[in-house]
Amino acid sequence: MYDRIKGFRDFYPGEMAARRATIDVLEGTAREYGFREIGTPAVERAEMWTDKSGDEIVDELYSFEDKSGRHVTLTPELTPTVARMVVAKQQELSKPIKWVSTRPFWRYEQVQQGRYREFYQTNVDIFGSSEPEADAEILAWAADALTGLGLTGEHFEFRVSHRDILGGVLESYDTDVDTEAAIRAVDKSDKISRAEYHDLLIEAGLTADQAAEFDDLIADGDLDEVEAFADTDRVTAAVENLRNVLAAAEDFGAREYCTVSLETARGLDYYTGVVFECFDSAGEVSRSIFGGGRYDDLIEGFGGQPTPAVGVAPGHATLSLLLQRAGVWPDEEVQTDYYVLQIGDTRPEAARIVRELREQGHVVETDIAGRSFGAQLDYADSINAETVVIVGEQDLANDEVTIKDMESGDQTQVPVDDFPGDLERPTFDDLA
RNA sequence: UCCGGGUUGGGGUAGUGGUUAUCCUUCAGCCUUGUGGAGGCUGAGACGCGGGUUCGAUUCUCGCACCCGGACCCA
């Protein structure tokens, strides 16, 4: 026996069916919005990450030198790849560019609940619109996708913020405040005591009074108060933009899932405007389910024309945790339309029936294991066959086959030449 | 990298310093090549690895590996 590599997963049929069902909803919803599917390489140049994040990032990459000496890596995220793709065809792609893709990514990380080394994400991105409607469309897609999976507003919420609000408020203090340290403190505020939180803020350069005041302001999430408190262009613009996005989300049907949460500070460095994270409302999944937001500087950073961008990338692992805890994880039930049972040497006739039924698009199985009558029925039962077609020597001697309804156990004889005949999906009820 | 918990047939478990390691389930076959869901019978299948203590270790002990949580991290 060989071990499975840590952090990688096998999907047995039942699990694969659930994964497939999840992907179908996410992508099907994206298709309704006009997002077009793209395909991307599993391997990219490692420089796409080391240039931006430094060489330490290599520790978290599945990177290696290929046979021609290129330093490459299994891709840990999609964003640099789409950025590269947008830059490469910037002139010929009509805007807004709306792309979707579901695929695995790889990161060499510590494995934990909801986090693997090979993980699947559905990335949904819009390039070329800085309008609030673009941000709102991302929120709306996410909301539609989650409700399409069977979740409701009881199960999830989007905590929405704006990158410039926290920074802008901190900037407005006269004192010399270490903005980054303060934002890190906000990020941790959930996990530490109030006193510790305030201490961290004070270390970042706020006075004790300011720390308390800042805490209240941010915790309340009241945009009017924020605006009144920090009357700077940056904060005013951020607040207005956030309001516009929420107003559009209202019309798009996603507002009810959104909560203004100015503490939502964490996330990728490249976010520039509205940011949001999806959380389990019940708090059972403590980690954020996924995050998204606006990253207007990224394309330019990859050598393209300045191009606004906004996107979201739900990871399927945390999503499945949420779906399971909400009790809406798609459970596969094997469904088989027909089992064609053979007794004696009836293969030619049985095979003809099987092929005709399959041609009509039905799911059809027959004996390929040389089993006895009882064992075949047993098997037909185990695969939830709706109808069993018994092709036995005795039946054929009368030019008949037996049609058995597995749920009721009722059965009837029909002329073998009339089966399946012209009926699209002949069952016991049609033939009795 | 760190912290906590764990490891007995495919899955779930009981148990023990000493004879053939318990039970449930699963799987295969049979009872029953012409009637499944119930039942019965038969069979397959396990003490993570290595060292130590011991006459003897699956059991005690140490180390390691692996698994599950969590911290850090999360581009």
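All chains are named by letter (A, B, ...) in the order of the sequence lines, taking the proteins before the strands, and each is independently numbered beginning at 1.
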Canonical and wobble pairing (Watson-Crick, G-U, under 3.5 Å) of RNA chain B, dot-bracket with |
(((((((..(((.....[....)))((((((.......))))))...(((((..]....))))))))))))....

Once base and sugar-phosphate atoms are separated, protein heavy atoms under 4.0 Å mark nucleotides 6-11 of chain B, 5' to 3', with B, S and - as ------

Could you give the distance separating B:C2 and B:C60 at their C1' atoms, to the nearest angstrom?
29 Å

For RNA chain B, find the residues of residues 377-390 of chain A with a heavy-atom distance under 4.0 Å and give them by number; none if there aren't any.
A:Leu377, A:Asp378, A:Asp381, A:Ile390

Side-chain donor-acceptor distances from residues 8-16 of chain A under 3.5 Å, at least two apart:
| residue | atom | partner | partner atom | Å |
| --- | --- | --- | --- | --- |
| A:Asp10 | OD2 | A:Arg4 | NE | 2.9 |
| A:Glu15 | OE1 | A:Tyr12 | N | 2.7 |

Using whole Å, report how far CD of A:Gln376 lies from P of B:U35.
13 Å

Can you tell me, in whole Å, how much space there is between the C1' of B:U59 and that of B:U16?
6 Å

Protein-nucleotide distance (A:Asp367, atom CG; B:U35, atom P), rounded to Å:
16 Å

Grab the N/O contacts between the protein and nucleotides 64-71 of chain B below 3.5 Å, and write none if there aren't any.
| residue | atom | partner | partner atom | Å |
| --- | --- | --- | --- | --- |
| B:C67 | OP2 | A:Lys6 | NZ | 2.7 |
| B:G70 | OP1 | A:Gln113 | OE1 | 3.2 |
| B:G70 | OP2 | A:Gln113 | N | 3.1 |
| B:A71 | N7 | A:Gln112 | NE2 | 3.1 |

Applying side-chain contact (heavy atoms from CB on, under 4.5 Å), can you list everything that pairs with A:Ile38, at least two apart in sequence or on another chain?
A:Thr40, A:Val82, A:Met85, A:Trp99, A:Ser101

Test: salt bridge (Lys or Arg N to Asp or Glu O under 4.0 Å). Region: residues 393-404 of chain A. Which pairs qualify, not counting sequence neighbours?
none

Once you round it to whole Å, what is the distance between C1' of B:U33 and CG of A:Asp395?
14 Å

Expressed as a whole number of angstroms, how long is the span from A:Gln413:CD to B:U35:P?
14 Å

Nearest-Å distance, CD (A:Glu277) to C1' (B:C74)?
11 Å

C1' atoms of B:G52 and B:G17, separation to the nearest Å
15 Å

Partners meeting side-chain contact (heavy atoms from CB on, under 4.5 Å) with A:Ala185 (sequence neighbours left out)
A:Tyr197, A:Leu200, A:Leu201

Candidate pair A:Leu357 and A:Arg425, rule side-chain contact (heavy atoms from CB on, under 4.5 Å), full reasoning
CA-CA 8 Å; A:Leu357 287 170; A:Arg425 182 166 175 170; over 6 Å; no

Roughly how many Å apart are B:A65 and B:C49, using the P atom of each and rounding to a whole number?
16 Å

Would you say the side chain of A:Arg115 and the base of B:C74 hold a donor-acceptor pair, judged only by whether the two atoms sit under 3.5 Å apart?
yes

Indicate yes or no: at least one non-hydrogen side-chain atom of A:Phe127 is less than 4.5 angstrom from one of A:Val310.
no

Name all residues meeting the side-chain contact (heavy atoms from CB on, under 4.5 Å) criterion together with A:Ser320; count only those two or more places apart in sequence or in a different chain, and write none if there are none.
A:Gln324, A:Trp329

C1' atoms of B:G11 and B:C3, separation to the nearest Å
30 Å

Can a donor-acceptor pair be found, under 3.5 Å and without considering hydrogens, that links the side chain of A:Ser261 to the backbone of A:Arg159?
no

Over all strands shown, is A:Leu61 touching base, sugar-phosphate only, or nothing at heavy-atom distances under 4.0 angstrom?
base

Electrostatic pair A:Asp280:A:Arg325 at N-O distance under 4.0 angstrom:
no

I'd like a table of donor-acceptor pairs (distance under 3.5 Å, sequence neighbours excluded) in which one partner is a side-chain atom from residues 360-370 of chain A, with atom names and distances.
| residue | atom | partner | partner atom | Å |
| --- | --- | --- | --- | --- |
| A:Gln360 | OE1 | A:His362 | NE2 | 3.3 |
| A:Gln360 | NE2 | A:Leu423 | O | 3.4 |
| A:His362 | NE2 | A:Glu424 | O | 2.6 |
| A:Glu365 | OE1 | A:Tyr379 | OH | 2.8 |
| A:Glu365 | OE2 | A:Tyr379 | OH | 3.4 |
| A:Thr366 | OG1 | A:Val340 | O | 2.6 |
| A:Thr366 | OG1 | A:Gln342 | NE2 | 3.0 |
| A:Asp367 | OD1 | A:Ala369 | N | 3.1 |
| A:Asp367 | OD1 | A:Gly370 | N | 3.4 |
| A:Asp367 | OD1 | A:Arg371 | N | 3.4 |
| A:Asp367 | OD2 | A:Gly370 | N | 3.0 |
| A:Asp367 | OD2 | A:Arg371 | N | 3.2 |

Not counting sequence neighbours, list each pair that qualifies as a salt bridge (Lys or Arg N to Asp or Glu O under 4.0 Å) and has a residue in residues 144-156 of chain A.
none

Do any pairs count as a salt bridge (Lys or Arg N to Asp or Glu O under 4.0 Å) and have a residue in residues 110-132 of chain A, sequence neighbours left out, and if so which ones?
A:Glu109-A:Arg115

Tell me: CD of A:Glu60 to C1' of B:C72, nearest whole Å?
10 Å

Could you state the CD-C1' distance from A:Gln394 to B:U33, rounded to the nearest angstrom?
11 Å

